[in-house]
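These numbers come from a predicted model, not from an experiment. Below, each value reflects all heavy atoms present in this structure, side chains not excepted, and no hydrogens, waters or symmetry copies. Naming convention: chains lettered A, B, ... in sequence-line order (proteins, then strands); numbering from 1 in each chain.
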There are 2 protein chains.
Amino acid sequence: MSRQSLTTPRKLILDIVSNSHDHPTASDVIDRIKSQGQSVAYATVYNSLRYLTEHGLLRELRLEGDASRYDARIEDHQHIVCVACGAVNEIMTPTPQEWIHRIEAETGYSIKEEEFLFKGECEACRTSKNPVHS
Amino acid sequence: MSRQSLTTPRKLILDIVSNSHDHPTASDVIDRIKSQGQSVAYATVYNSLRYLTEHGLLRELRLEGDASRYDARIEDHQHIVCVACGAVNEIMTPTPQEWIHRIEAETGYSIKEEEFLFKGECEACRTSKNPVHS
DNA sequence: TTTCTTGCAAAACATTTGCAAATCG
DNA sequence: CGATTTGCAAATGTTTTGCAAGAAA
């Protein structure tokens, strides 16, 4: 463990991610810091996000696109993105353990982590595209 | 559809990925082209990989690390990576449909694609770390 | 004072783009 | 011919790194 833990910029960044419900990227975080009239170096934002992830306070998500996104909900959950509008929603339905055991048997691995990404069309997009008829 | 489809570089790249069992990245592909004494421009490799992916001949994987990897097995399957040695294996056990339906009910999405990444320790790493005792 | 953290700029990658030349239909 | 594709170099976007200055134990 390090001697300094939740420094000022780290706390600020953790707060921003915690209060954002849209899984912000590093550059989203920088924008939000700036829009609050504050300033933190690029490198510090990346370092802080890495630190917070490694210490279990944030979770790094690699959804669509190049940039990693960050999520302050660290409980076990997965994500689904809308292929039409890009919305990201969370999935709380637990993974069937029986399935996991079957995969462990198939592969010989012991599974430690699961990162699932579902893609589909969200209710709003589906509705707006397929007007109710009959 | 385009008029030119499987051009020479595209076919070469498809062959390379098909004959590699390690899910190569774009730069792995470039290295292999070079090591065959041939030469294809960076942009062409990226363009070709995108073309092949969009036409269903390859699948793009976003596992660990920055670079996308490509897989010529396009049947529905998922991947598991070893956190110790970085090995990537394939999972053929099908996804429980009942679980998918529950997620659709939970989120209101209609699910089109599933990308799962499992992380764990492979048999070899587990064995070498935990010598048999008793 | 010794270690960790910050800030800044530059570097390192992966990927895309602009544009002219080559190629295919 | 006319559209697509290639090659090259330069641009873009994300993340990391080197190093000096600052802050904390």
**Q** Grab the NZ-P distance between B:K11 and C:dC24 for me, whole Å please.
**A**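 Atom-to-atom, B:K11 to C:dC24, this comes out as 16 Å.
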**Q** Consider only side-chain N and O atoms of B:S20 and B:R32, and report whether a donor and an acceptor are under 3.5 Å apart.
**A**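 Distance-only check passes for B:S20 and B:R32.
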**Q** Output the rounded distance in Å from CZ (B:R10) to C1' (D:dG7).
**A**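 So the CZ-C1' distance, B:R10 to D:dG7, works out to 14 Å.
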**Q** Work out which heavy atom in B:D71 is nearest to a heavy atom in B:E90; give both atom names and the distance.
**A**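 In this case the closest contact between B:D71 and B:E90 is OD2-OE2, 3.1 Å.
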**Q** Can you tell me if the side-chain N/O atoms of B:T44 get under 4.0 Å from OP1 or OP2 in D:dG7?
**A**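 Yes, within the criterion.
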**Q** Within this structure, what is the CG-to-P distance between B:D31 and C:dC13, rounded to whole angstrom?
**A**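 Rounded to whole Å, this separation is 13 Å.
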**Q** How many Å lie between CG on A:L49 and P on C:dT6, as a whole number?
**A**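 Result: 12 Å.
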**Q** For residues B:T93 and A:E106, is any side-chain donor paired with an opposing acceptor at under 3.5 Å?
**A**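 The answer is yes; a qualifying pair exists.
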**Q** Are B:H21 and B:H23 close enough that their ring centers fall under 6.0 Å?
**A**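 No - the distance between ring centres of B:H21 and B:H23 does not fall below the 6.0 Å cut-off.
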**Q** Please determine, for the side chain of A:N47, which listed nucleotide (D:dT17, C:dT5, C:dG7) has the closest atom?
**A**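 Nearest to the side chain of A:N47 among the choices is D:dT17.
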**Q** Heavy-atom nearest nucleotide on DNA chain C for B:S27 versus A:A41: which residue maps closer to 5'?
**A**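 Counting from the 5' end, the first nearest nucleotide belongs to A:A41.
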**Q** To the nearest Å, how far apart are A:L6 CG and D:dA23 P?
**A**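 That distance rounds to 18 Å.
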**Q** C:dT16, C:dT6, D:dT16: which one has an atom nearest the side-chain heavy atoms of A:R50?
**A**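 For the A:R50 side chain, the nearest candidate turns out to be D:dT16.
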**Q** Rounded to the nearest angstrom, tell me the gap between atom OH in A:Y46 and atom P in C:dG7.
**A**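 From A:Y46 OH to C:dG7 P: 15 Å.
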**Q** Base, sugar-phosphate, or nothing: which does A:A67 touch, judged by heavy atoms less than 4.0 Å apart?
**A**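 Answer is sugar-phosphate: A:A67 comes under 4.0 Å of backbone atoms only.
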**Q** Does A:T7 have a side-chain nitrogen or oxygen under 4.0 Å from the phosphate oxygens OP1 or OP2 of C:dT6?
**A**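 Yes, because at least one side-chain N or O of A:T7 sits under 4.0 Å from OP1 or OP2 of C:dT6.
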**Q** Indicate yes or no for a side-chain donor-acceptor contact from B:Q78 to the backbone of B:E114 under 3.5 Å, with no hydrogens or angles considered.
**A**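 Yes, the answer is positive, given that a donor and an acceptor are paired below the 3.5 Å cut-off.
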**Q** I need the CD-C1' distance between B:E64 and D:dT15, as an integer number of Å.
**A**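 To the nearest whole Å, that distance equals 16 Å.
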**Q** What's the CD-P distance between A:E54 and C:dT5, to the nearest Å?
**A**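 To the nearest whole Å, that distance equals 11 Å.
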**Q** Out of D:dT15, C:dT5, D:dC8, which nucleotide sits closest to the side chain of A:Y42?
**A**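 So the nucleotide nearest the side chain must be D:dT15.
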**Q** Remember a base hit wins even if backbone is also touched, and classify B:T25 as base, sugar-phosphate or nothing at under 4.0 Å, heavy atoms.
**A**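 Nothing, no heavy atom under 4.0 Å.
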**Q** Give the nucleotide from the list C:dT6, D:dT15, C:dC8 with an atom nearest to the side chain of A:A26.
**A**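 Nearest to the side-chain atoms of A:A26, counting from C-beta on, is D:dT15.
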**Q** Name the residue closer to the 5' end of DNA chain C, choosing between B:A43 and B:T8 according to the nucleotide with the nearest heavy atom.
**A**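 Residue closer to the 5' terminus by nearest nucleotide: B:A43.
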**Q** Specify the closest pair of heavy atoms between A:T25 and A:R69, including all atoms of both residues, with the distance to one decimal.
**A**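 The answer is CG2-CG, 3.9 Å.
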**Q** So for the helix from C:dT1-D:dA25 to C:dG25-D:dC1, with five pairs setting each end axis, what is the inter-axis angle to 10°?
**A**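 What I find for the helix from C:dT1-D:dA25 to C:dG25-D:dC1 is an axis angle of 30°.
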**Q** Within the 3.5 Å criterion, strictly below it, is a donor on A:S68 or A:E60 matched to an acceptor on the partner's side chain?
**A**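 A pair is found: one side chain offers a donor N or O, the other an acceptor, under 3.5 Å apart.
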**Q** Determine whether the aromatic ring centres of residues B:Y51 and B:Y46 are separated by less than 6.0 angstrom.
**A**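 B:Y46 vs B:Y51: aromatic centres not under 6.0 Å.
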**Q** Tell me which of B:S48 and B:D66 sits closer to the 5' end of DNA chain D, going by the nucleotide each one is nearest to.
**A**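 The 5'-side residue here is B:S48.
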